[in-house]
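Reviewing the structure listed below.
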Amino acid sequence: MSLLSFRKNKELEETIVNPQMEAFLKDYSIEVMPRTAEKVEDFTALLPAGTRVYIAHIEGTPIEDMVATAKRLAGDGYKVMPHFPARIIKDEATLADWIARYQGEAGVDQALLLAGGVAQPHGDYHSSMQLLESGLFGKAGFKHLHVAGHPEGNRDIDKDGSDTNVMEALRWKQKFSETSDAEMALATQFAFEAGPIIAWADALKEAGITIPVHIGIAGPAKLQTLIKFAIACGVGPSLKVLQKRAMDVTKLLLPYEPTEVLTELAAHKAANPDFNITHVHFFPLGGIKTNANWAIANGGSSAVPASQS
């Protein structure tokens with residue numbers, strides 16, 4: 001075999017994409033913050049047109065920065081889904097103001113409603129259910145309302161390690177979804193192991209929770225970075241996967257990539273088309289560009305630079 005033929009064969013091997021993975025990554029979403037978005041010169045060179053982009057609202061971030069980021073992303077042709085963390089919203093007037101700003105300046109009609117990571121509420125709200133009950137999103141005509149899911153439980157909600165309160169809240173949200181005009185979904189915290197994710201999703205269905213699941217996946221990142229975020233976010237059981245990797249000298253210095261967990265989930269989805277995990281939601285802990293390039297290389301639709309679109 002000539003050197004030229006060898007190179008061509010290697011290039012072909014490198015471009016082969018797992019069709020199950022490609023199908024599973026279709027219409028994936030990704031999360032940004034105003035400060036991380038500022039570092040991206042051109043989103044259209046990284047993310048496929050129409051990608052849903054969540055904007056995380058961290059305590060202390062001015063609403064003006066959130067709305068400006070939403071406006072920029074909407075202008076680039078993306079579906080913008082800002083976070084509404086209940087515990088940092090002072091009152092109904094503040095909530096109404098945020099909704100009006102997002103709609104008026106960025107044309108936003110979808111939102112992720114969650115309690116938020118603040119220990120003590122800043123005002124009248126402490127849960128996403130209260131935000132839903134306000135009726136303000138329905139009045140504003142929001143088309144998509146997502147709420148949080150926790151494949152490994154949530155110690156803030158169930159301090160005893162059970163899932164009693166979490167499941168009670170999900171049953172409430174299930175009933176709400178059956179009367180709401182908006183399409184609802186569960187956007188989950190990230191996890192690293194396919195088996196427990198599949199078991200959790202199946203348990204939801206058995207409990208009558210039919211809201212589609214958008215599974216949270218940590219994008220490529222340094223192992224130390226992932227462990228830090230996993231501890232901070234309360235990711236428990238699957239943290240062992242990272243700790244085991246850290247003990248393997250051959251993998252310690254290599255960046256983590258979500259290939260294994262997504263390959264297993266994609267295969268399960270292909271074998272079980274009615275599996276209730278319908279989309280992948282990326283947390284780009286190693287950087288938006290790194291995550292976007294990984295997605296493209298593994299079957300996510302390629303982005304087209306603005307100059308070529």
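- Put simply, the side chain of H281 does not reach to within 4.5 Å of the side chain of T188, judged on heavy atoms.
- Interatomic distance, H144 NE2 to R52 CZ, rounded to the nearest 0.5 Å: 5.5 Å.
- Looking at T94 and D97, their side chains never bring a donor and an acceptor atom within 3.5 Å of each other.
- Summarising the geometry of P34 relative to I55, their closest heavy-atom pair is CD-CG2, 4.0 Å, with the distance given to 0.1 Å.
- Aromatic ring pairs are classed by plane angle as parallel below 30°, tilted from 30° to 60° and perpendicular above 60°; the pair F142 and F137 is perpendicular.
- Scanning both residues, I209 and M167, for their nearest heavy atoms gives CG1-CE, 4.3 Å.
- The number of heavy-atom neighbours closer than 6.0 Å to CD of E183, taken from other residues, nucleotides and ligands shown, is 12 or below.
- Atoms NZ and OG, on K175 and S180 in that order, are 16.0 Å from each other to the nearest 0.5 Å.
- Ring centroids of H279 and H214 are separated by less than 6.0 Å, placing the two rings close together.
- Rounding to the nearest 0.5 Å places CD of E257 at 11.0 Å from CG of L262.
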Exercise. After noting the C-alpha distance and the side-chain angles of K173 and S128, does the key distance pass the side-chain contact (heavy atoms from CB on, under 4.5 Å) rule?
Worked result: CA-CA 9 Å; K173 292 166 186 174; S128 60; 3.2 Å; yes
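- Taking the six-membered ring for Trp and thresholds of 30 and 60 degrees, Y28 and F282 have ring planes more than 60 degrees apart, a perpendicular arrangement.
- No donor-acceptor distance shorter than 3.5 angstrom exists from the side chain of K289 to the backbone of V40, with no hydrogens or angles considered.
- Using cut-offs of 30° and 60° for the angle between ring planes, the W172 and F176 rings count as parallel.
- Of the possible polar contacts, none joining the E264 side chain to the G195 backbone as a donor-acceptor pair under 3.5 Å is found.
- When all heavy atoms of G299 and V17 are compared, the pair lying nearest together is CA-CG1, 3.6 Å.
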For this session: Would you please test I63 and Y102 for side-chain contact (heavy atoms from CB on, under 4.5 Å) and show each step?
Result: CA-CA 9 Å; I63 186 61; Y102 280 123; 3.7 Å; yes
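- Evaluation of the salt bridge (charged side-chain N to carboxylate O under 4.0 Å, His left out) test over residues 16-28, restricted to residues two or more places apart or in two chains, returns none.
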Exercise. K205 and D274: side-chain contact (heavy atoms from CB on, under 4.5 Å), yes or no, with the steps?
Worked result: CA-CA 10 Å; K205 183 178 287 188; D274 62 343; 4.0 Å; yes
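- Counting non-hydrogen atoms of neighbouring residues, nucleotides and ligands closer than 6.0 angstrom, the CD atom of E92 reaches no more than 12 such neighbours.
- V213 has its side chain within reach of I277: a pair of non-hydrogen atoms, C-beta onward, lies under 4.5 Å apart.
- Using a 4.5 Å cut-off between side-chain heavy atoms of Ile, Leu, Val, Met, Phe, Trp and Tyr, with links allowed through other members, L112 and L170 fall into different hydrophobic clusters.
- H57 places a side-chain N or O within donor-acceptor distance of the main-chain N or O of T61, the cut-off being under 3.5 Å.
- Counting only heavy atoms from C-beta outward, the side chains of T259 and W294 approach each other to under 4.5 Å.
- The number of heavy atoms from other shown groups lying within 6.0 Å of CD (E178) is above 12.
- At least one side-chain heavy atom of H83 sits under 4.5 Å from a side-chain heavy atom of E31.
- Ring orientation note: the planes of W98 and F84 are tilted relative to one another, at an angle of 30° to 60°.
- Here the CE atom belonging to M184 is positioned 5.0 Å from the CD1 atom belonging to I211, to the nearest 0.5 angstrom.
- The NZ atom of K143 sits 12.5 Å away from atom CG of L145, with the distance rounded to the nearest 0.5 Å.
- In this structure, I198 CD1 and I215 CD1 are separated by 10.0 Å, a value rounded to the nearest 0.5 Å.
- Legend: salt bridge (charged side-chain N to carboxylate O under 4.0 Å, His left out) pairs involving residues 123-137, not counting sequence neighbours: none detected.
- No side-chain heavy atom of V53 sits less than 4.5 Å from a side-chain heavy atom of F43.
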Problem set entry | Derivation of the side-chain contact (heavy atoms from CB on, under 4.5 Å) call for L265 and V280 | CA-CA 10 Å; L265 290 174; V280 173; over 6 Å; no
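- The two residues A74 and A106 have their closest heavy-atom pair at CB-O, 3.4 Å.
- Note on V32 and L114: separate hydrophobic clusters, where clusters join Ile, Leu, Val, Met, Phe, Trp and Tyr whose side-chain heavy atoms are under 4.5 Å apart, directly or indirectly.
- Between S134 and L95, the shortest heavy-atom contact is OG-CD2, 3.7 Å.
- In summary, of the residues considered (E59, R87, K90), a side-chain hydrogen bond (donor to acceptor under 3.5 Å, both in side chains) with H122 occurs for E59 alone.
- When atom types are taken as modelled, the side chain of Y256 and the backbone of A218 share no donor-acceptor pair closer than 3.5 angstrom.
- The minimum heavy-atom distance linking G50 with Y78 is given by the pair N-CD2, 4.0 Å.
- Listed by first then second residue, pairs satisfying salt bridge (charged side-chain N to carboxylate O under 4.0 Å, His left out) with a partner in residues 66-80 number zero, not counting sequence neighbours.
- One hydrophobic cluster, built from ILVMFWY side chains closer than 4.5 Å, cannot hold both Y54 and I217; they sit in different ones.
- Looking at heavy atoms from C-beta onward, P82 lies in side-chain contact with V108 at the 4.5 angstrom threshold.
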